[in-house]
Amino acid sequence: MMTANEIRDSFKKFFESKGHVIVPSAPMVIKDDPTLMFTNAGMNQWKDIILGTKDPEPRRRADSQKCLRVSGKHNDLEEVGHDTYHHTMFEMLGNWSFGDYFKEKAIDHAWEFLVDVLHLNPADLYVTVFEGSPEENIPRDDEAAKYWAKHLPEDHIINGNKHDNFWEMGETGPCGPCSEIHVDSRTAEAKAKMAGRELVNKDDPQVIEIWNIVFMQFNRKSDNSLEPLAMNVIDTGMGFERLVRMLQGKSSNYDTDIFQPVIKQIEQLSGKKYGFTTPSGENGEAKDEQEKIDIAMRVVADHMRAVAFSIADGQLPGNAKAGYVIRRILRRAVRYAYTFLGQKEAFIFKLLNIFIQEMGEAYPELPAQRELIARVIKEEEDSFLRTLEKGINLLNTAMEEMKSQGKTELSGKEAFRLFDTYGFPLDLTELICRENGFTVDEKQFDDEMAQQKARARNAAVVENGDWVQLKEGEQEFVGYDYTEYECHILRYRKVTQKKSSFYEVVLNHTPFYGEMGGQVGDQGVLVSENETINIIDTKRENNQSIHIIKELPKDVEADFMACVDTDKREASAANHSATHLLDYALKQVLGEHAEQKGSYVSPDTLRFDFSHFQKVTDEELRQVERLVNDMIRQDLPLDEHRDTPIEEAKKMGAVALFGEKYGDKVRVVRFGPSCEFCGGIHAASTGRIGFFKIVSESSVAAGVRRIEAMTGKNCEEAIYALEDTLRDLKAMFNNAKDLKNVVAKYIEEHDTMKKDMESFRQQAADRAAKSLVEKVRNMNGINVVKAVLPVEPSSAKDIVFKVREAIPEKLVCVLGSVYDNRPLLSVMLSDDMVKDHAMNAGRIIREAAKLIKGGGGGQPHYAQAGGKDAANINAAVEKVIELAEL
Ligand code: SER
């Protein structure tokens, strides 16, 4: 039996033998495409090629791509675990032809691989072809059907509708008719009872699609229309986990060697057994305890993979966007493990070793970041388990209440509160409710969510208009060599926000750098003969600089000069170069594990996140600063290599980032020993940075530290500010030469004085107490001490305690004190007064304090009350005596 790793290799080998270049998987997390957060199909990384904005060579490629389908158009999250063949993260084997072979060869290749190489039984295979769509004016795919007929009898070729047989990447983007290959893996007996073709696309767990061959022919535009692509593209995707399951003769993906090692580990850690069952209840609901355990184990095994791969790709769990999706996946796993596997403490991170052992060879980013992944997962587990407990208690109370009131639906408000305060995603609340026979008012939840979003300040983008194409052609970026360039507008569109709108403009030539790799976009102007338009920002989308302007030029077809604001650009270029030197220096000082995890570079500041597992010490920070400043003084020239083949760049020792998407050719930026893959704008030499100073070092997540620093002019200003502070300080100490010693002496003197003062205060309290004790009066056998003194509150307390020390029995002591014009009433009773005379200092003082417009309380034997009306303090003292009823 072939192992999963062997199957993956055989796919690559097969397509290599058919002239395909084998490429690495793109990162699962997408960073520069606003329409897509995660790679959800193998073709995502080729979107630019398919749309014709990027060189299609080499025209035949194949890979195994990490995909995540948990958001947007393709979202499988809810099914995962409840059935045996959906996953959040999965691998997709794919082969591509960009304007090379088309339908016939794609079909032949697929057939040859499945039947001749993997020896699947042709009798078990069914294929679908697109039945056509009259309203979109697309005929049935007779061509594909004809080529399939070379391999399969007619009754194995089935027409499919738009839902199944017209593949679209998202709401917009490349799309086209497709042919799916389905495999019938039922028993011979079952096959005899019912033909496989009846079960294709009918959600039968044993008759499933394994390979989708898309004939990309269109681009779906935002107005929903279809535009033909300039070239025909083959895009195929084969679900790796399903394929392995077929070949290993299992009825569940989770029974293959992709998941079994991890599931065995879960069994060991939880002491529970995996039942090798598929849910038999309705809608994938478990019918008994064993099925619940099985579902939970599948959920944990699946989600751990997704989260580990995301972290390796640089996406940490967080509160927004992609980070939140990852957090939700992990929380779903924690919650299943908590409830059904009895895991009340973090344990998912313990599965990583075995998982990485299996996957590490195919995906080296996993072993390389093992420690970081483990720490991040553990911290997330710990923190969610803490809130989980609180939230579950809350939900239980709510469900009890609903039961007693005969309600069956949890209000959306309550569900939203759980989400907002306890981080319970709606799916989690729904799950818990469902298990207890309740539903959730989803609509109200959505309303609450919408209201909260509306409250959020940042007005979200409401509408992107369609691009208005003025001229044909593609953009050329000239910003590495120029800061001014002649240009015209190729296309523009209007973007409408809640309260404002702006335009996005694509120029044919542009020196403007679009925000990317942490460096902010350029600002500047667009100048024609008659007008000057401010470019307020530049973004980057699909490899192009998108210029943001408030108003369109009056003549959009004019010739322009695009001029970058060079002051800002030079400042951010210097900061960017400084981050490279910082990256290098950190590795020197802390070790090679200090991998870049993020960065932000603007004209004013720079920020650099990196993996490191403890605080960077002051001494280490100094060392880093010295190293960087040394490199600045050496004035190392920018040594830039554009369009370097990626292999050559690696040989040069260039540092690449995990999770970054690199093409076949990359740009390498070198300053002396620092050498990185980088597309950013840099200083011509390190001397331009001027000076480098770290401002802060902090933690951003488990195992990730952040350094903020400044350079050049900002350092100069900071030094002036420091100098000014120091000068002012010196002036305060008579321009002392040795400020440090003088200040130390002052502090010492101050401490001594404070001690002396305290002792004086104590002595004064002693004296006051003594004189009060001497003036004690006897009223009906009770020792009454009363006085009004100008002492501070802490002394008042001391005094009454001292009086009690001197007169331990039959004592009623009341002291009114006024300090800083604030009155304070203190009442002290001996214990026998409380016990035998049922007196209570707290009760008495509450009443008496009304006279000084105040309140307070305390214990039965001692109470204090402050107030606002110092003039009445004598009356309040008398009131206490009156209330004592002596
Ligand atoms: N893009 C298609 C899919 O994801 C084929 O790769 O199914």
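Atoms within each ligand, like the ligands themselves, are counted from 1 in listed order. For the single chain, residues carry numbers from 1 onward in sequence order.
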Pairing of Asp184 and Arg186 as salt bridge, 4.0 angstrom limit: yes

Test: Arg491 and Glu472 ion pair at under 4.0 Å: no

Salt-bridge contact Arg60-Asp100 (side-chain N to carboxylate O under 4.0 Å): yes

Indicate every side-chain donor-acceptor pair of residues 194-201 with a distance under 3.5 Å to a residue at least two apart or in another chain.
| unit_1 | atom_1 | unit_2 | atom_2 | d |
| --- | --- | --- | --- | --- |
| Arg197 | NH1 | Asp155 | O | 2.7 |
| Asn201 | ND2 | Asp164 | OD2 | 3.3 |

Near ligand 1, at a heavy-atom separation below 4.0 Å: residues by chain and residue number: Ala41, Met43, Arg69, Met92, Trp167, Asn212, Val214, Asp235, Thr236, Gly237

Partner set under salt bridge (charged side-chain N to carboxylate O under 4.0 Å, His left out) for Arg327, not counting sequence neighbours: Glu380

With sequence neighbours excluded, residues passing salt bridge (charged side-chain N to carboxylate O under 4.0 Å, His left out) with Glu57: Arg59

